[in-house]
2 protein chains.
Amino acid sequence: MSASVTSRALALLGAFDADHRSLTLSDMGRRAGLPLATAHRLAGELAAWGALDRQPGGEYVVGRRLWDLGMLAPVQAGLRQAASPFLHDLYGTTLATVHLAVRDGTKVLYLDRLSGHVSVPVVSRVGSRLPMHATGVGKVLLAYAPDDVRAEVLGKLTRVTAYTITQPARLLEQLRRVRGEGFATTGEEMSLGACSVAVPVRGADGDVAAALGIVVPDLRRERARLVSALQVAAHGITRTLSSMPSTQWK
Amino acid sequence: MSASVTSRALALLGAFDADHRSLTLSDMGRRAGLPLATAHRLAGELAAWGALDRQPGGEYVVGRRLWDLGMLAPVQAGLRQAASPFLHDLYGTTLATVHLAVRDGTKVLYLDRLSGHVSVPVVSRVGSRLPMHATGVGKVLLAYAPDDVRAEVLGKLTRVTAYTITQPARLLEQLRRVRGEGFATTGEEMSLGACSVAVPVRGADGDVAAALGIVVPDLRRERARLVSALQVAAHGITRTLSSMPSTQWK
DNA sequence: ACTGAGCTTCCACTGAACGGAAGGCCATCA
DNA sequence: TGATGGCCTTCCGTTCAGTGGAAGCTCAGT
């Protein structure tokens, strides 16, 4: 059950994730399942190329060169580009943290995020994956996801805060409402002090291609205005997507 | 002069850049200096892990997993985060494409970019490096760069458009003006139909830490207003940076 | 049917990768 | 002060994974 050098080097890179952005050599080795001496040699090569950076303290972080490379990846590039101006507009009218997300398996993948001055506690980052059942954009994407995906997610609703919905029946009921009303909300289900509203973004073919959401400290007051701002933006994105070949964003 | 497997795999990744975002196997091999069979095997492993994606046509592109990883790289994370809300504000007041950039060697590295609805032809991308002498942010950063860097850049001023400044003396004169007036401008020097204004962003210690710029179709009319909006934003960023430990953004 | 460009597979040889072990460094604790 | 433990670095003899030329494949153009 030996592994190729390449896969070992990649395993070393794979040791980094949103919760482990800086690692000691030994941690990297442990997480990648590699002997220390091997990790040492490989990390050295990766760092020499710029895939890893070594910080003053000796810990490794993902290097600038991988950042460069990553920016070249066509991850929903068309969608992100089409959405970008509408996200700015949305930020302008709501002054709330704005999110653009798609479904990636059973998680929400954040494609873009604009964060404002007022920092409501927001855990998302561009490129991070969060559970679908505890976020606004997640609920939207879940509401329109294929049945098997929905079933899988409903199977294990992990608790994040005291307000996280962990009963499948209650979540199902909410998802029905989302489909009916066209928007989803959360109240401190992912992070205390943060509420959110989200709407679906449809592609030119009518399918839900993404979700658009905002995070605010309180939802009671302005819900109607926020929902309508979101819907205006979502329609704008759909319109832009309609004017480009579907291969660009599908 | 053989090379380690790791360095070969990395060379293969290194074949991708802003001008080569999708490559055939043979192109990758050629650019990386590897025999086809070797490129084939390595590309297969990289693709299996998700570092590369294979597109319908058979061409390779940078994969989603490298995008994920890249997002974890702490590339001026503190600066980007501090600047983010001010960039949005700036977009709100100018409705122009907004850029945040730093100097990387003798190039401008774009850290963030907000693009508006009106698409002035803009060549920059987040993560891309452009020549300093033909961009607004570049001129700002060059004006405050160490002498040896400035000398090197002045040594080869490559022409991009008919308006690109290629005479060292003229550029030097402009840089002097930039230091005096506190802002730089360009007029179609990088891309026809695009003018720009840029100002320095100073760190808490007073050193120029970055440059902030906007791109507009025409500069004659609103220059004063744009410069002042840029300066307001730049000061705001400086203020935010001052309130965090310098290790976070330096 | 022929040509050429690119992709995939095969396999015998070999030198690059391996990793245990030993040693260095620097905290922390008694 | 010396002992302990965690982490990093280097060394080196063994061996097995990586190599790449060559043959064959697919597909498009002519």
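In what follows, chains carry the letters A, B, and so on, assigned in the order in which the sequence lines appear, proteins first and then strands, with residues in each chain numbered from 1.
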### Query
Relative to each other, are the rings of Phe86(B) and His117(A) parallel, tilted or perpendicular (30° and 60° limits)?
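Rings of Phe86(B) and His117(A): perpendicular, as their planes differ by over 60°.
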Phosphate oxygens OP1/OP2 of [N]: is one of them under 4.0 Å from a side-chain N or O of [X]?
X        : N       : value
His40(A) : dT9(D)  : yes
Arg41(A) : dA17(C) : no
Ser26(A) : dC8(D)  : yes
Arg8(B)  : dG20(D) : yes

### Message
Using every non-hydrogen atom in the two residues, find where Ile237(B) and Ala83(B) come nearest and quote the distance to one decimal.
### Response
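For Ile237(B) versus Ala83(B), the nearest heavy atoms are CD1-CB, 3.7 Å.
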Whole angstrom is fine here: how far is it from [atom1] in [X] over to [atom2] in [N]?
X        : N       : atom1 : atom2 : value
Glu45(A) : dT9(D)  : CD    : P     : 15 Å
Tyr60(A) : dC7(D)  : OH    : P     : 14 Å
Leu42(B) : dA16(C) : CG    : C1'   : 14 Å
Leu12(B) : dG18(D) : CG    : P     : 15 Å
Leu34(A) : dC8(D)  : CG    : P     : 14 Å
Met28(A) : dT9(D)  : CE    : P     : 12 Å
Leu25(B) : dG20(D) : CG    : P     : 14 Å
Leu46(A) : dA17(C) : CG    : P     : 12 Å

### Query
Would you call Arg129(B)-Asp104(B) a salt bridge at under 4.0 Å N-O?
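A salt bridge is present here (some side-chain N lies under 4.0 Å from a carboxylate O).
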### Query
Should Asp53(A) and Arg65(A) count as an ion pair when the cut-off is N to O under 4.0 Å?
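Salt bridge absent between Asp53(A) and Arg65(A).
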Between side-chain atoms of residues 105-114 of chain A and protein atoms elsewhere (two or more places apart, or another chain), which donor-acceptor pairs fall under 3.5 Å?
unit_1, atom_1, unit_2, atom_2, d
Arg113(A), NH1, Ser124(A), O, 2.3

### Task
Take Asp17(A) and Arg31(A), measure what side chain to side chain contact (heavy atoms under 4.5 Å, CB included) needs, and give me the verdict at the end.
CA-CA 11 Å; Asp17(A) 64 30; Arg31(A) 289 173 57 83; 3.2 Å; yes
Residue [X], side-chain atoms from C-beta onward, closest of [options]:
X        : options                  : answer
Pro35(B) : dG20(D), dA17(C), dG6(C) : dG20(D)
Ala37(A) : dC7(C), dT10(D), dT9(D)  : dT10(D)
Val5(A)  : dC7(C), dA17(C), dT10(D) : dA17(C)

### Query
Could Arg150(A) and Tyr144(A) be counted as a cation-pi pair, given that NZ or CZ must be under 6.0 Å from the ring centre and within 45° of the axis?
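Ring-cation test returns no.
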### Query
With a 4.0 Å cut-off on heavy atoms, is Leu36(A) in touch with a base, just the backbone sugar-phosphate, or nothing at all?
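Counting heavy atoms under 4.0 Å across all strands, the contact made by Leu36(A) includes a base.
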### Task
For Arg54(A) and for Thr38(B), locate the closest nucleotide of DNA chain D by heavy-atom distance; then report the residue assigned to the nucleotide nearer the 5' terminus.
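Comparing both residues, the 5'-ward one is Arg54(A).
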### Message
Let me check the geometry of the helix from dA1(C)-dT30(D) to dA30(C)-dT1(D). What is the bend angle between the axes at its two ends, five pairs each, to 10°?
### Response
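Here the helix ends are tilted 40° relative to one another.
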